[in-house]
Amino acid sequence: MSGYKILQAEQQGIYVLKFIGEIRLYLCSTLDRLIDLMKDDANFLTVVIDLTETTVVDSTTLGLLAKIGIFARKNKKLLPTIISTNPDITRLIYSMGFDELFIIVEKAATEIEHLDEIPILHASEQEVREKVLAAHKVLMDLNSNNREAFKDLVKALEDEQAHTSS
């Protein structure tokens with residue numbers, strides 16, 4: 001068994017995503033594709049994100065999760081839900097301002113059944129770089145603390161992107 005995976009279920013426009021293990025930037029193409037599928041789903045209502053078995057979540061992933069929250073609030077007027085029973089993960093999502101985008105539940109309500117594992121998409125280094133930059137820009141837009149925390153990283157990524165484009 002690998003050290004990470006994403007499980008999903010969808011019924012009547014309600015998506016359930018369960019993140020298991022270390023969720024890092026190497027899953028950004030998979031997550032970005034999933035976000036696009038939700039955006040394209042005319043029946044999309046909301047999403048429940050289960051982090052109860054997540055051991056690590058990096059800032060790129062947080063940016064993509066924020067993208068889901070922003071989409072849901074802007075387009076559907078429904079706040080998605082994050083379930084997090086790990087105090088470190090819970091503290092992290094609160095520090096990023098996720099309580100403005102999500103309902104945060106700190107204990108698991110029930111076992112989630114009938115989830116299908118999402119195949120992991122492989123991306124080029126350039127595609128990953130673009131998704132990392134975009135995810136961090138989303139985080140910066142959430143609040144001034146994030147803007148300050150990620151400004152140097154975003155600047156470095158933008159400089160690197162400009163250098164590789166020329």
Side-chain angles (χ1 to χ4, degrees), residues 2-8 10 15-42 44-51 54-82 84 89-104 117-166:
S2 66
Y4 57 88
K5 65 175 133 179
I6 304 171
L7 304 176
Q8 87 162 54
E10 183 275 330
Y15 286 76
V16 176
L17 306 177
K18 183 173 184 77
F19 296 84
I20 298 173
E22 295 187 8
I23 308 302
R24 298 183 184 268
L25 68 91
Y26 41 78
L27 295 172
C28 64
S29 293
T30 302
L31 275 175
D32 210 39
R33 175 72 176 126
L34 186 58
I35 292 167
D36 288 342
L37 290 172
M38 285 188 271
K39 285 181 174 182
D40 292 342
D41 183 351
F44 176 85
L45 293 175
T46 194
V47 61
V48 175
I49 299 168
D50 183 343
L51 302 178
T54 303
T55 56
V56 174
V57 59
D58 70 3
S59 55
T60 299
T61 302
L62 290 170
L64 291 166
L65 295 179
K67 191 174 173 182
I68 293 171
I70 291 166
F71 162 72
R73 186 168 74 181
K74 180 179 177 186
N75 295 296
K76 301 299 179 180
K77 310 282 189 267
L78 294 174
L79 290 177
T81 300
I82 289 181
S84 175
I89 302 268
T90 303
R91 205 171 14 262
L92 178 62
I93 60 178
Y94 273 110
S95 75
M96 290 290 124
F98 276 34
D99 51 323
E100 296 178 28
L101 298 175
F102 296 91
I103 296 167
I104 300 174
E117 186 170 350
I118 299 173
I120 303 303
L121 300 176
H122 298 284
S124 70
E125 189 174 322
Q126 179 62 30
E127 290 171 320
V128 170
R129 250 187 275 165
E130 290 170 6
K131 291 180 189 323
V132 168
L133 178 59
H136 285 83
K137 285 182 175 182
V138 171
L139 284 176
M140 287 178 69
D141 288 343
L142 287 180
N143 60 47
S144 60
N145 289 339
N146 292 355
R147 199 168 11 269
E148 185 62 30
F150 295 116
K151 71 178 181 182
D152 293 338
L153 173 62
V154 167
K155 172 86 171 93
L157 290 170
E158 288 174 335
D159 291 348
E160 183 180 321
Q161 188 176 39
H163 178 63
T164 58
S165 297
S166 54

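Please read all numbers here as calculations on a predicted model, not as lab measurements. One is the number of the first residue; the rest follow in order along the sequence.
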Taking C-beta and beyond as the side chain, do [X] and [Y] meet within less than 4.5 Å on heavy atoms?
| X | Y | answer |
| --- | --- | --- |
| V16 | L7 | no |
| F71 | I35 | no |
| K137 | V132 | no |
| S84 | I93 | yes |
| V48 | L17 | no |
| K151 | M140 | yes |
| L92 | V57 | yes |
| I20 | K18 | yes |

side-chain contact (heavy atoms from CB on, under 4.5 Å) evaluation trace for H122 with S29: CA-CA 7 Å; H122 298 284; S29 293; over 6 Å; no
Donor-acceptor contact present, side-chain E130 to main-chain E127, <3.5 Å: no
T60 (side chain) donor-acceptor with A135 (main chain) under 3.5 angstrom: no
Say you draw a straight line from [atom1] of [X] to [atom2] of [Y]; how long is it, rounded to the nearest 0.5 Å?
| X | Y | atom1 | atom2 | value |
| --- | --- | --- | --- | --- |
| I120 | L31 | CD1 | CG | 8.0 Å |
| N146 | L62 | CG | CG | 9.0 Å |
| I23 | I89 | CD1 | CD1 | 9.0 Å |
| K131 | Q126 | NZ | CD | 11.0 Å |
| D50 | T54 | CG | OG1 | 7.0 Å |
| E10 | L37 | CD | CG | 10.5 Å |

Can you find a side-chain donor-acceptor pair between T61 and D58 that sits under 3.5 Å? yes
Polar side chain donor-acceptor pair, H136 to S59, under 3.5 angstrom: yes
Restricting to non-hydrogen atoms, name the atom on [X] and the atom on [Y] that form the minimum distance, rounded to 0.1 Å.
| X | Y | result |
| --- | --- | --- |
| F98 | L139 | CE1-CD2, 4.1 Å |
| V138 | K67 | CG1-N, 3.9 Å |
| L142 | A66 | CD1-CB, 3.9 Å |
| V128 | A123 | CG2-CB, 3.9 Å |
| Q8 | L34 | OE1-CD1, 3.2 Å |
| E100 | R73 | O-NH1, 2.9 Å |

Please work out which of the three classes, parallel, tilted or perpendicular, describes the rings of Y4 and Y26, given edges at 30° and 60°. tilted
May I ask you to decide whether R129 forms a salt bridge with E125, counting only side-chain N to carboxylate O separations under 4.0 Å? yes
Mind checking what makes salt bridge (Lys or Arg N to Asp or Glu O under 4.0 Å) contact with D159, not counting sequence neighbours? K155
Can you check side-chain contact (heavy atoms from CB on, under 4.5 Å) on D32 and L64, steps first, answer last? CA-CA 7 Å; D32 210 39; L64 291 166; 3.6 Å; yes
State whether the number of non-hydrogen atoms from other residues, nucleotides or ligands found under 6.0 Å of R33 atom CZ is greater than 12. no
Applying ring-ring contact (aromatic ring centres under 6.0 Å, His included), can you list everything that pairs with Y15, at least two apart in sequence or on another chain? F44
What pairs with F19 under ring-ring contact (aromatic ring centres under 6.0 Å, His included), at least two apart in sequence or on another chain? none
